[in-house]
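Just the heavy atoms: all of them, side chains too, but no hydrogens, waters or symmetry mates, feed the values below. A note on names: the letters A, B, ... follow the listed sequences, proteins ahead of strands, and every chain is numbered from 1.
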There are 2 protein chains.
Amino acid sequence: MGSKGEALRQRIVVAADNLFYQQGYENTSFSDIADVVGISRGNFYYHFKSKDEILNAVIDARIAGIEMMLDEWDKKLKDPRQRLYYYIDMPLRNQEEIRLHGCPTGSLCTELAKANRAMLDDANKMFTVFHDWLVVQLNLLGINKNVKKIAMHFIARVQGIAIVTNAFEDKDFLQQEVKQLKKWLDDEVLKSGHS
Amino acid sequence: MGSKGEALRQRIVVAADNLFYQQGYENTSFSDIADVVGISRGNFYYHFKSKDEILNAVIDARIAGIEMMLDEWDKKLKDPRQRLYYYIDMPLRNQEEIRLHGCPTGSLCTELAKANRAMLDDANKMFTVFHDWLVVQLNLLGINKNVKKIAMHFIARVQGIAIVTNAFEDKDFLQQEVKQLKKWLDDEVLKSGHS
DNA sequence: TAAATTATAGGATGATTGTCCTATAATCCA
DNA sequence: TGGATTATAGGACAATCATCCTATAATTTA
């Protein structure tokens, strides 16, 4: 099968991914993407027949990216507590992007809930990947009660940080909240601690 | 000055407000608004010369609405703790809207950060109104240390709840998180309690 | 090499966008 | 009552949008 076409398809998805993150989905046109990739609109349409189709490809790519990232975390960090710290530090590592564009997952879901509700169920799977991974780490930490709720709470906390950081373009708030969230995790571990 | 024109202007702002909340700002056209109000695009343009102008009017109306709402809360509830509970319960009272469209303030800021960054500083003032009110209530509660940070934390928590509720269309999560946030407030009061 | 398939370009299309213009209708003021 | 202002309608405008079509170019396959 076409290896050259496949490579270009990949480049289109990456460009669309970035543009959707930076400008929003509705606010990004086929021409915008084609311009960034450096191809014609006609060629673009050969690879993606509709805007829904490229949105789907972007979501799939993001989900695959998150899964790969978490696999790497698991390999790099053996201690579940360290892994959760690393998760909490994620907004810190991406400070500047979050200040400018918010959380890629949260902002896309927020937009799709308004502009393309049919795809919301695909988009929120990005959250689910994180959620399921969090559940595993919490279990490894010896926390067995309400693990799903705690994992969801985790996600919501990070989302809140991202929104406020983005709205006020305030990285100081982000830094301080990340510290606080780590303390909250420590407390949570203590509360459920038996060992 | 034109009282009839002023009344229509008001109706336009209300319609635009709702549409921006339900469909997003970028995804709402002049025609959409004109259709809802039942006027022609030409007439619409007589009252608002540009899309930025109506966005500005919507933001101003929202800020005024929030200020009025908080004034009523202050009149209705004399105890600052009760007021803060009432703030926390706000997503609960608007469950269905948040499930469908998220938080009006948060989702607008998220969108404008991508699509119309120049207006982000106007939009985040909606948060500031809540923030300043929260600071007052916390002070009344006898909390004087890091009040601004706590108020901002408050806002971020509610935002996180709204995002996840909206992304998963899950009101159960909202209800459980609201309970938890009240507990957190109680703890915060206890920690700073002197009286 | 020749035929078939895949990939790319670029223009055409009709719908929609924000914006603007002009012609009336309604209202107000003197 | 009559002129001036305010309000409303409806169409014109160029730009942009997602989509589609056709003509080649590149590549693969037989």
N/O to N/O distances under 3.5 Å, protein versus nucleotides 10-16 of chain C:
none

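Mapping A:Asn27 and B:Gly38 onto DNA chain D by nearest heavy atom places B:Gly38 at the nucleotide closer to the 5' end.
For the pair A:Asp17 (side chain) and A:Val58 (backbone), a donor-acceptor distance under 3.5 Å is absent. Distance alone, capped at 3.5 Å, places no donor-acceptor pair between the A:Gln159 side chain and the B:Ile161 backbone.
Here the P atom of nucleotide D:dA12 and the CZ atom of B:Phe30 are 20 Å apart, to the nearest Å. Following rounding to the nearest Å, A:Glu26 (CD) and D:dT16 (C1') show an atom-to-atom distance of 14 Å. Taking atom CD1 of A:Ile39 as the reference point, atom P of C:dA9 lies 7 Å away to the nearest angstrom. Taking atom CZ of A:Phe48 as the reference point, atom P of C:dT8 lies 12 Å away to the nearest angstrom. In this structure, the CG atom of B:Asp35 is 14 Å from the C1' atom of D:dA9, given to the nearest Å. Distance B:Tyr45 OH to D:dA12 P: 18 Å, rounded to the nearest Å. Regarding B:Asn116, its CG atom lies at a distance of 13 Å from the P atom of C:dG18, rounded to whole Å. Between A:Leu8 atom CG and C:dA9 atom C1' the separation is 13 Å, expressed in whole Å.
Taking 4.0 angstrom as the limit, A:His47 places a side-chain polar atom (N or O) nearer than this to OP1 or OP2 of C:dT8. Proximity of A:Tyr46 to the phosphate of C:dA7: a side-chain N or O atom is located under 4.0 Å from OP1 or OP2.
If you check the side chains of B:Gln95 and B:Gln175, you find a donor sitting under 3.5 Å from an acceptor. Side-chain contact, A:Asp52 with A:Asn116: a donor N or O sits under 3.5 Å from an acceptor N or O. A:Ser192 and A:Lys145 are not linked by any side-chain donor-acceptor pair at a separation below 3.5 angstrom, with hydrogens and angles left out of the test.
Distance NE2/B:His101 to CD/B:Glu96: 8.0 Å, rounded to 0.5 Å. To the nearest 0.5 Å, atom CG of residue B:Leu141 and atom CD1 of residue B:Ile150 are 10.5 Å apart.
Using cut-offs of 30° and 60° for the angle between ring planes, the A:Phe30 and A:Phe44 rings count as tilted.
Near DNA chain D, meaning a heavy atom under 4.0 Å from it, residues 50-60 of chain A has A:Ser50, A:Lys51 in order of number. Within residues 10-23 of chain B, no residue approaches DNA chain D, by heavy-atom distance under 4.0 Å.
Under the 6.0 Å distance and 45° angle rule, B:Arg93 counts as a cation-pi partner of B:Tyr86. Under a cutoff of 6.0 Å and an axis angle of 45°, B:Lys182 and B:Tyr85 form a cation-pi pair. For the pair A:Lys51 and A:Tyr25, the distance from NZ or CZ to the six-membered ring centre is under 6.0 Å and the angle to the ring normal is within 45 degrees.
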